[in-house]
K.L.:
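Just passing along the structure, written as structure tokens.
Note that the structure is a prediction, hence the values are computed from the model and not measured. Residues take their numbers from the sequence shown, with the count starting at 1. Just so it is clear, the values below take in all heavy atoms, side chains as well, and ignore hydrogens, waters and symmetry mates.
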Amino acid sequence: MKTMQALLSLALTMGIGSSLQAQQSSGTPRFAAGMQFGYRDGASVDVTITAMDFASGFELPLRFGLAYASVEPGVALDARRIFINNATNGIPEEAGKTIGARLDVLVPVSILSLPRAYAFGGVRHARFSGNFKFIGGNEDFDIRSNQWGLGGGVESYFGISRRVDMVFTAGLDHFFSSTLSGHDTSYSPDGEDVNPREDYTYSDADAAVGQPKLEPAILLGLSYRF
């Protein structure tokens, strides 16, 4: 109990200190919202919120983004064999999607004499889902994973009006291996599999399913500065 009280006291002290520090900041917080379309391992749409001058002594913009991408889910027959059974009847249909979140720090850079350019980098999280149906084969199942990753890239801004910019972004994200789960089976990178089929391993499942690994991104959109 004393330990808990001490931690709460420390948290309150840090919170009050951070609040006072923010109030003492001479800068006025500024924000921008953006939307981009393009390719992120598949057709993608991104929405972002960027904060600038929001903390005393921290001059770099900080951006939070959400992304939705339609991606290749994997190889249907292999996924069925590794997660369900060895049956081959039915006509396969498949669809995949990734919902991602990202947090980036932006650093101004000079590239090819562009008027405003930034390098960015930060942490990533992705939720992958691949759906496999076998029409006439009585199979319809999803394979899912949750992954953490790191990524970065460069982007440039071109003014359209006083508040609106056109934004071009190019980047690359890397996601770490994570458990793949489907039906009543899961395969983990550490070998802690649940109800594996035959002698299949995580490597087999990973090769059959299109969860994110290296994810290139090319995007174009607009940003509005409030």
K.L.:
Y187 vs F83 aromatic rings, parallel, tilted or perpendicular, using cut-offs 30° and 60°?
P.N.:
perpendicular
K.L.:
With heavy-atom distances below 4.5 Å as the criterion, would you say the side chains of R144 and R127 are in contact?
P.N.:
no
K.L.:
Does atom CD of E59 have more than 12 heavy-atom neighbours from other groups under 6.0 Å away?
P.N.:
no
K.L.:
Provide the full list of side chain to side chain donor-acceptor pair (under 3.5 Å) pairs with a residue in residues 212-225, sequence neighbours left out, each pair given once.
P.N.:
D165-R225, D206-K213
K.L.:
Less than 4.0 angstrom from a charged side-chain N to a carboxylate O is my criterion; do R124 and D104 meet it?
P.N.:
yes
K.L.:
Decide yes or no for F128 and F175: does some side-chain heavy atom of the first lie under 4.5 Å from some side-chain heavy atom of the second?
P.N.:
no
K.L.:
Just wondering, do P73 and F132 contact through their side chains at under 4.5 Å, heavy atoms?
P.N.:
yes
K.L.:
Between D184 and R197, is there a side-chain N and carboxylate O pair less than 4.0 Å apart?
P.N.:
yes
K.L.:
Would you find more than 12 non-hydrogen atoms of other residues, nucleotides or ligands less than 6.0 Å from N138 atom CG?
P.N.:
no
K.L.:
Do N89 and F134 have side chains that get closer than 4.5 Å, going by heavy atoms?
P.N.:
no
K.L.:
So do K97 and S70 actually touch side chain to side chain, heavy atoms under 4.5 Å?
P.N.:
no
K.L.:
Does any donor atom in the side chain of S44 or D46 lie under 3.5 Å from an acceptor atom in the other side chain?
P.N.:
yes
K.L.:
Taking the six-membered ring of F226, is NZ or CZ of R163 closer than 6.0 Å to its centre and within 45° of its axis?
P.N.:
no
K.L.:
Would E94 and R80 pass as an ion pair if we require N to O under 4.0 Å?
P.N.:
no
